[in-house]
Amino acid sequence: MLTIIEAPRGEAMASFDPVLAETRFGCGLGPGLTPAVDAGEMMSRLSGPDEAAQRFRIEDFGAFAPRMARTHELRKALRKVRGTEGETAARKAIKLERASARKAQRGWLWHAMMRRAHTRDGLRERLAFFWSDHFTAVGKAGVLRRANAPYVEAAIRPHLTGSFAEMLRAVATQPLMLHYLDQVYSAGPNSIQAERTANNPRKKGLNENLAREILELHTLGVDGPYDQEDVRELAELLTGLSYSPQGGFKFRKAMVEPGAETVLGVSYGGGKAKLGDILRALDDLAHRPETGRHIARKLAVHFLGDRPEEDVVSHVAQRFIETGGNLAEVTAALLEHPAAWDGVRPGNVKQPVDFIGSTLRALAVPPEALDVAQERRISAVIEAPMTLMGQRWERPLGPDGWPEDDDAWITPQRMAARLEWAMTVPALLRPDLPDPRDFVETALGGRAPEELMFAARAAEDRSTGVGLILASPAFQRM
């Protein structure tokens, strides 16, 4: 149950605002989409059935794995026919399999945007994006380059109202994460695998990538109470985390570093190699107070602004600690703070995914506006413009995900790309564009400044008027 905390003495109490609920914590306003009446209803929708995912399907990783298995078998077949007449056909089969995954990925992009456009539960879509960015994982080769959306469906989306520890476990055992951070190749220096490959100049050794990112990005934060020795010991503990060529998680005991490992003063393992030792360490990290504060600050920055007040961060962090990282309670703590409903504070500049998603929502663009089979059209209308705006779909530059600072998104080149998209693409997706005089109210819910309302009334045609509204500073912010 939500309990709205009191505002500091002498300050006015900020009350729930349905427009802010949809813009600051959701996917924007849209015709025929009724905002929640209070924060309790927002949480009720979030805890209910995932209606948008049921309507706009995206493969989870279990459904994606057969693509990996087929590619593995095709590559085995290629090795057998290299230098023969069958090589050309074998290479073509691999190319077709990869093309099928690429085509599916573009379809999932459209479905992700349609979820934003038509959901009753915009908070769920925003949280799914936030957490997938927090646990950034990118496919680097083969069909795994197309696996981000299935990874999110399997490891992120089911845990939005569960415990942070459960989400961390799910992420750390997901093939895409193990592939992205090269954990699949990490072998203990004294492991059975190391002994087997002692004379192999191409042997793989210990890799610290996953251990470092778990400590620095996923749990404790860059200023957390750990040092290089903790990183190394955790890296040795994580050895064995891997996956099969068929796409399933696999714990490879032969790669495990023998002996106990000490992380932040706690000893793990020491007996037979067990996955349970790793999971216990992850659970301990997930429940640390430093983790709670790191998560609280990231949530506050993402939803409330680049420099949130310390009392907001402290309030959310305290709820994280009190509930053992219950993410429903953590989200509720953010929503119950008066700062959440402060309409005076400027919202964050929308990232490209939020800008395009909220545009599709405001225009009520129908799912059939783009055929999921038309991957080139999806690329031209959605994916390529997002890249010009600075956000290549599912391809952040590093494991720390997308930047939150407004300055990262409002460069001249990136703003020019937004303006061009706003002026040209809406008419392609909705030939029957709404009257700008009505659309300004639909899109901004009474928050439009007078000069923008005047521009909407004075626009020479609907396309120009709609474009001016979408390109306006009022629409560009949450």
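- Residues V171 and Y151 have side chains in contact (heavy-atom distance under 4.5 Å, counting atoms from C-beta outward).
- Contact check on E310 versus R297 returns a salt bridge, with a Lys/Arg side-chain nitrogen under 4.0 Å from an Asp/Glu carboxylate oxygen.
- Of the inter-residue distances, the one linking D283 atom CG with I278 atom CD1 reads 12.0 Å to the nearest 0.5 angstrom.
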- request: Step by step, work out the ring pair (Phe, Tyr, Trp, His ring centres under 6.0 Å) result for F355 and W409.
  value: CA-CA 11 Å; F355 167 55; W409 305 110; over 10 Å; no
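- Inter-residue side-chain proximity for T119 and R124 is flagged as unmet; no heavy-atom pair is nearer than 4.5 Å.
- At most 12 non-hydrogen atoms from other residues, nucleotides or ligands lie less than 6.0 angstrom from NZ of K95.
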message: salt bridge (charged side-chain N to carboxylate O under 4.0 Å, His left out) for K140 and D182? Distances and angles first, verdict last.
response: CA-CA 10 Å; K140 299 186 290 187; D182 299 320; 2.8 Å; yes
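- Atom CD of Q318 sits about 13.0 Å away from atom CG of D311, to the nearest 0.5 Å.
- Between N326 and S163, every side-chain heavy-atom pair lies at or beyond the 4.5 Å cut-off.
- Scanning both residues, A101 and V143, for their nearest heavy atoms gives CB-CG1, 4.3 Å.
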message: Please evaluate residues M167 and H134 with respect to the criterion side-chain contact (heavy atoms from CB on, under 4.5 Å), reporting the C-alpha separation (whole Å), side-chain torsions for both, the decisive distance (0.1 Å), and the verdict.
response: CA-CA 11 Å; M167 187 183 287; H134 179 76; over 6 Å; no
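- Between L176 and L144 the shortest heavy-atom distance is CD1-O, 3.7 Å.
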- prompt: Yes or no on side-chain contact (heavy atoms from CB on, under 4.5 Å) for F164 and V330, after CA distance, side-chain angles and deciding distance?
  reply: CA-CA 10 Å; F164 178 74; V330 169; over 6 Å; no
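- The neighbour count for K274 NZ, taken as heavy atoms of other residues, nucleotides or ligands under 6.0 Å away, is above 12.
- Screening K253, M255, E257 for a side chain to side chain contact (heavy atoms under 4.5 Å, CB included) with Q193, the sole residue that qualifies is M255.
- In this structure, the separation between CZ on R280 and CG on L237 is 9.0 Å, given to the nearest 0.5 Å.
- Here the side chains of R157 and E125 are in contact, with some heavy-atom distance below 4.5 Å.
- Scanning all heavy atoms of the two residues, the minimum distance from A340 to R24 falls at O-NH1, 2.9 Å.
- Between V138 and P396 there is a side-chain heavy-atom pair separated by less than 4.5 Å.
- To the nearest 0.5 Å, atoms CD (E329) and CG (L334) are separated by 13.0 Å.
- Considering every non-hydrogen atom in both L335 and W341, the closest pair reads O-NE1, 2.7 Å.
- Closest approach of I58 and A112 over heavy atoms only: CD1-N, 4.3 Å.
- In this structure, L206 and T239 have side chains that are in contact, with non-hydrogen atoms separated by less than 4.5 Å.
- Salt-bridge formation is not detected for the pair R102/E383: no Lys NZ or Arg NE/NH1/NH2 atom is positioned less than 4.0 Å from an Asp or Glu carboxylate oxygen.
- Atom CZ of F251 has more than 12 heavy atoms from other residues, nucleotides or ligands within 6.0 Å.
- Distance check, rounded to the nearest 0.5 Å: CD1 of I382 to CG of L360 gives 5.5 Å.
- One finds no salt bridge joining E216 and R212 here, because no Lys/Arg side-chain nitrogen approaches an Asp/Glu carboxylate oxygen to under 4.0 Å.
- Applying the ring pair (Phe, Tyr, Trp, His ring centres under 6.0 Å) test between H302 and each of W131, F130, F25 identifies F130 as the sole match.
- Between R232 and E229, no side-chain nitrogen of the basic residue sits less than 4.0 Å from a carboxylate oxygen of the acidic one, so the salt-bridge criterion is not met.
- Within a 6.0 Å radius of CZ in R345, more than 12 heavy atoms belonging to other residues, nucleotides or ligands are found.
- The heavy-atom pair separating Q246 from E73 by the smallest distance is NE2-OE2, 4.4 Å.
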task: Verify side-chain hydrogen bond (donor to acceptor under 3.5 Å, both in side chains) between S100 and R67, making sure each step is shown before the conclusion.
output: CA-CA 9 Å; S100 172; R67 298 179 185 273; 3.2 Å; yes
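- Residue R418 holds its CZ atom at 8.5 Å from CD1 of I356, rounded to the nearest 0.5 Å.
- Within the 4.5 Å cutoff, the side chain of T291 has no heavy atoms near those of the I321 side chain.
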query: After noting the C-alpha distance and the side-chain angles of F129 and Q351, does the key distance pass the side-chain contact (heavy atoms from CB on, under 4.5 Å) rule?
result: CA-CA 11 Å; F129 184 84; Q351 295 184 20; 3.6 Å; yes
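- Heavy-atom neighbours of R395 CZ from other residues, nucleotides or ligands within 6.0 Å: above the threshold of 12.
- The number of heavy-atom neighbours closer than 6.0 Å to CG of L397, taken from other residues, nucleotides and ligands shown, is 12 or below.
- Proximity of L363 to L429: side-chain heavy atoms (C-beta onward) are nowhere separated by under 4.5 Å.
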